[in-house]
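Keep in mind that the numbers below use all heavy atoms, side chains included, and drop hydrogens, waters and symmetry copies. Here is the naming used below: chain letters follow the sequence lines, and residue numbers restart at 1 for every chain.
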Amino acid sequence: MAKDISTRAEDYSQWYNDLVYKAGLADTSAVRGCMVIKPHGYALWENMRDVLDKMFKDTGHVNAYFPLFVPKSLFEAEEKNAEGFAKECAIVTHYRLKADPNRPGKLMADPEAKLEEELIVRPTSEAIIWNTYRDWIQSYRDLPILINQWANVVRWEMRTRPFLRTAEFLWQEGHTAHASKADAMKEALQMHDVYTQFAEEYMAMPVIKGAKSENERFAGADDTFTIEAMMQDGKALQAGTSHYLGQNFAKAFNVKFLNTENKEEYVYATSWGVSTRLIGALVMTHSDDDGLILPPKLAPIQVVIIPIPKPSEAIDLIAEKMMTELKSKGIKVIYDRDEKNRPGFKFAEYELKGVPVRIGIGARDIENGVVEIARRDTKEKSSIKIENTVEHTIQLLDDIQNNLFKRAKELRERNTHIVDDWDSFVKILEETPGFIYAHWDGTSETEKAIKEKTKATIRCIPLDAPEENGKCILTGNPSNRRVLFAKAY
RNA sequence: CGGGGCGUAGCGCAGUCCGGUUAGCGCACCUGCUUUGGGAGCAGGGGGUCGAGAGUUCGAAUCCCUCCGCCCCGACCA
């Protein structure tokens with residue numbers, strides 16, 4: 001076990017917190033509920049962002065940027081959305097500070113500088129964006145609009161956890177406008193697929209694709225599509241959502257277009273987003289009691305070369321040649337010739353940080369014409385001939401990526417249950433948390449009752465679930481397909 | 001916002017009940033020497049308005065009051 005990190009078995013959530021801080025992903029900050037994303041954590045985000053950004057561009061989207069503040073009157077316009085977020089909004093009421101006459105050296109909001117209209121710090125940008133789209137759209141020829149923005153948003157959460165739920169977080173939000181329901185629905189489903197592909201291919205995190213029930217749906221959406229991942233403690237984590245917004249925002253902001261028949265029609269909309277929460281998902285999907293385990297495709301450092309016991313001319317020569325070759329193959333590699341720390345310390349440190357592959361080079365190895373290559377996911381070590389190192393490393397990175405996905409999928413399958421009676425349902429949720437496929441009668445009341453009794457929610461109505469007649473797990477009313485229940489983050 | 005806990009060096013803590021040397025320990029940090037194939041050892045050294053304010057007292061980290069902050073558990077949530 002790594003120094004000063006709780007084990008998963010002892011205390012899963014403490015393990016997560018320890019890892020985030022000890023591995024240098026984030027730090028606490030002076031602002032309640034907000035964290036500092038440290039370089040190692042931010043590098044992960046940059047890698048995620050770069051891959052996603054390319055996927056968005058490849059599907060025809062462009063980036064733009066809209067204001068941080070939303071005038072209250074705009075925010076109110078789409079009622080359901082406003083209601084959904086009202087309880088967690090930060091509000092700007094003043095635009096100036098002044099010296100506090102009662103407390104020397106202190107400042108106060110200047111009562112003379114009260115804003116005529118209060119500004120909401122965006123919890124999401126539909127309002128400000130649709131207010132803008134109104135001016136951009138006259139005819140079907142202006143559609144579709146396919147815009148994404150990379151931004152920060154603020155949701156004043158009562159309880160926060162690093163990456164998983166913070167008051168301010170980074171994300172991307174796509175906001176598209178279409179001339180037909182079919183086009184908008186196609187867009188929402190396409191982005192749902194993009195997120196799925198990203199989660200599985202890059203994060204090595206298997207997900208269940210599905211639609212949200214009415215209770216869990218984004219406020220203001222007609223349909224919300226989600227990808228749900230299982231963390232190592234069996235709890236579900238919503239990793240990305242894509243919304244079909246229908247004409248709700250178009251109606252609220254009066255965004256109409258002339259269709260090909262010269263008739264006015266409200267525009268159809270989607271929005272979709274993933275956030276820095278994905279970093280939390282990555283940590284909880286793969287890591288172990290020794291530290292982070294990062295999938296090679298997103299790891300800020302993929303390979304570290306460590307001289308044993310310390311740099312020498314002979315080691316430098318081999319290491320530098322190896323680095324050049326690996327870099328030429330697009331591998332992110334560093335050579336740690338820092339003499340402050342001994343090899344053992346470095347081994348532990350890079351394991352903590354999740355570097356997928358470690359190459360150790362010592363005098364003994366050089367005599368034998370080999371290096372020692374260790375993989376982070378299984379901690380296996382092997383001696384590889386120096387001339388085969390580059391080829392072996394590239395293959396190994398690929399193996400690790402695949403193994404992580406396989407391992408995560410096996411964990412999910414081990415902890416997924418098909419349940420038909422209430423007693424087993426309750427028992428499983430209490431004793432062996434995981435995913436449960438069960439019948440549900442389709443009503444909000446039943447969903448709420450189940451949540452109250454067990455704390456489990458409907459994570460999604462899986463898109464690929466086969467039609468199957470059955471009886472609701474709680475009420476016994478008829479149901480024609482199973483839905484996915486779990487306790488969630 | 002309710003219930004509980006905690007603020008003492010960068011981090012983790014002891015000391016607080018029962019007031020009394022110069023506030024201490026581990027890790028980290030700095031210097032030097034010896035080490036070096038899985039988190040090195042020894043020696044020396046630096047670092048504190050004891051969360052803030054006000055009070056009781058000859059004397060307060062310790063007792064009283066007020067305030068602030070953080071963490072955990074609930075309700076809410078990506």
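At the heavy-atom level, Lys212(A) lies nowhere under 4.0 Å from the strands shown. Looking at heavy-atom distances under 4.0 Å, Leu164(A) makes contact with a base. Residue contacts shown for Glu157(A) include a base, since a base heavy atom lies under 4.0 Å away. The residue Tyr489(A) sits apart from the nucleic acid: no heavy atom pair falls under 4.0 Å. If you check every strand for non-hydrogen atoms under 4.0 Å, Ala239(A) touches nothing.
Mapping Phe169(A) and Ile366(A) onto RNA chain B via the closest heavy atom, the residue that lands nearer the 5' end is Ile366(A).
One donor-acceptor pair, N or O on each side, does fall under 3.5 Å between the base of G38(B) and the side chain of Glu351(A).
We find that CD of Glu216(A) is positioned 12 Å from C1' of C76(B), with the value rounded to whole Å. Whole-Å rounding puts the Phe218(A) CZ to A78(B) P distance at 9 Å. As a whole-Å value, the separation of Glu349(A) CD from C27(B) C1' is 14 Å. Note: CD1 (Ile227(A)) to C1' (A78(B)) measures 12 Å, nearest angstrom. Between the OH atom of Tyr21(A) and the C1' atom of C11(B) there is a distance of 14 Å, given to the nearest Å. As a whole-Å value, the separation of Asp18(A) CG from G12(B) C1' is 12 Å. Regarding Gln238(A), its CD atom lies at a distance of 6 Å from the P atom of A78(B), rounded to whole Å. In this structure, Arg217(A) atom CZ and A78(B) atom C1' are separated by 17 Å, rounded to whole Å.
Rounded to whole Å, the P atom of G53(B) lies 12 Å from the corresponding atom of U62(B). Atom name C1', nucleotides A28(B) and A75(B): the rounded distance is 40 Å, in whole Å. Between the P atoms of G47(B) and G24(B), the separation comes to 13 Å (whole Å). Nucleotides G41(B) and G26(B) are separated by 13 Å at their P atoms, to the nearest Å. Nucleotides U66(B) and G59(B), compared at atom C1', are 24 Å apart to the nearest Å. Look at the C1' atom in both U8(B) and A14(B): the space between them is 10 Å, to the nearest Å. Between the C1' atoms of A23(B) and C13(B), the separation comes to 14 Å (whole Å). Separating the C1' atom of G19(B) from that of A61(B) is a span of 10 Å, rounded to the nearest Å.
Legend: residues meeting salt bridge (Lys or Arg N to Asp or Glu O under 4.0 Å) with Asp377(A), ordered by chain and number and at least two apart, are Arg375(A). Every ring pair (Phe, Tyr, Trp, His ring centres under 6.0 Å) that Phe169(A) has, sequence neighbours left out, goes to Trp171(A). For Tyr268(A), the ring pair (Phe, Tyr, Trp, His ring centres under 6.0 Å) criterion is met by no residue, not counting sequence neighbours. For Asp50(A), there are no salt bridge (Lys or Arg N to Asp or Glu O under 4.0 Å) partners two or more places apart in sequence or in a different chain. Residues that satisfy the ring pair (Phe, Tyr, Trp, His ring centres under 6.0 Å) test with Tyr335(A), not counting sequence neighbours, are absent from this structure.
Ring orientation note: the planes of Phe198(A) and Tyr202(A) are close to parallel, at an angle under 30° on the 30°/60° scale.
Ion pairing between Arg337(A) and Asp316(A) holds under the 4.0 Å rule for side-chain N and carboxylate O.
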Could you list, one pair per line, each protein nitrogen or oxygen that sits under 3.5 Å from a nitrogen or oxygen of nucleotides 71-75 of chain B, together with the distance?
residue : atom : partner   : partner atom : Å
C73(B)  : OP2  : Arg159(A) : NH1          : 3.3
C73(B)  : OP2  : Arg159(A) : NH2          : 2.2

message: What verdict does the ring-ring contact (aromatic ring centres under 6.0 Å, His included) test give for Phe425(A) and Phe485(A), after you've listed the backbone C-alpha separation in whole Å, the side-chain angles of each residue and the deciding distance to 0.1 Å?
response: CA-CA 10 Å; Phe425(A) 186 82; Phe485(A) 285 93; 5.2 Å; yes

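Checking G10(B) for Watson-Crick or G-U wobble geometry (two distances, each under 3.5 Å) identifies C27(B) as its partner. Figure legend. C58(B) is base-paired to G20(B); pairs are counted as Watson-Crick or G-U wobble with both atom distances under 3.5 Å. When both distances must be under 3.5 Å, the Watson-Crick or G-U wobble mate of C76(B) does not exist. Across the strands present, U49(B) finds no partner; the criterion is a Watson-Crick or G-U wobble pair with both atom distances under 3.5 angstrom. Across all strands shown, the partner of A40(B) is U34(B), judged by Watson-Crick or G-U wobble contacts whose two distances both fall under 3.5 Å.
Residues from residues 75-82 of chain A placing a heavy atom under 4.0 Å of any atom in RNA chain B do not occur. Of the residues in residues 333-348 of chain A, those lying under 4.0 Å from RNA chain B by heavy-atom distance are Arg342(A), Gly344(A), Phe345(A), Phe347(A), Ala348(A). Sorted by residue number, the members of residues 298-315 of chain A with any non-hydrogen atom under 4.0 Å from RNA chain B read Ile308(A), Pro309(A), Lys310(A).
Side-chain atoms of Asn152(A) do not come within 3.5 Å of backbone N or O of Leu170(A) as any donor-acceptor pair. Between the His243(A) side chain and the Gly220(A) main chain, no donor and acceptor come within less than 3.5 Å of each other. The backbone N or O of Asp399(A) lies less than 3.5 Å from no partner atom in the side chain of Asn403(A), so there is not a single donor-acceptor pair. Proximity of a side-chain donor or acceptor of Arg277(A) to a complementary backbone N or O of Gln238(A) within less than 3.5 Å is detected. At distances below 3.5 Å, at least one donor-acceptor pair connects side-chain atoms of Arg376(A) with backbone N or O atoms of Leu292(A).
Applying the ring pair (Phe, Tyr, Trp, His ring centres under 6.0 Å) test to every pair with at least one member in residues 4-26 of chain A, sequence neighbours left out, gives these pairs: Tyr12(A)-Trp15(A). Among pairs with a residue in residues 344-356 of chain A, those fulfilling salt bridge (Lys or Arg N to Asp or Glu O under 4.0 Å) read Asp336(A)-Lys346(A), Glu351(A)-Arg358(A), Glu351(A)-Lys379(A), at least two apart in sequence or across chains.
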Pairs under 3.5 angstrom only: tabulate donor-acceptor contacts from the side chains of residues 184-191 of chain A to other protein residues two or more places apart or in another chain.
residue   : atom : partner   : partner atom : Å
Glu187(A) : OE1  : Gln190(A) : NE2          : 3.3
Glu187(A) : OE2  : His61(A)  : NE2          : 2.7
Glu187(A) : OE2  : Trp272(A) : NE1          : 3.3

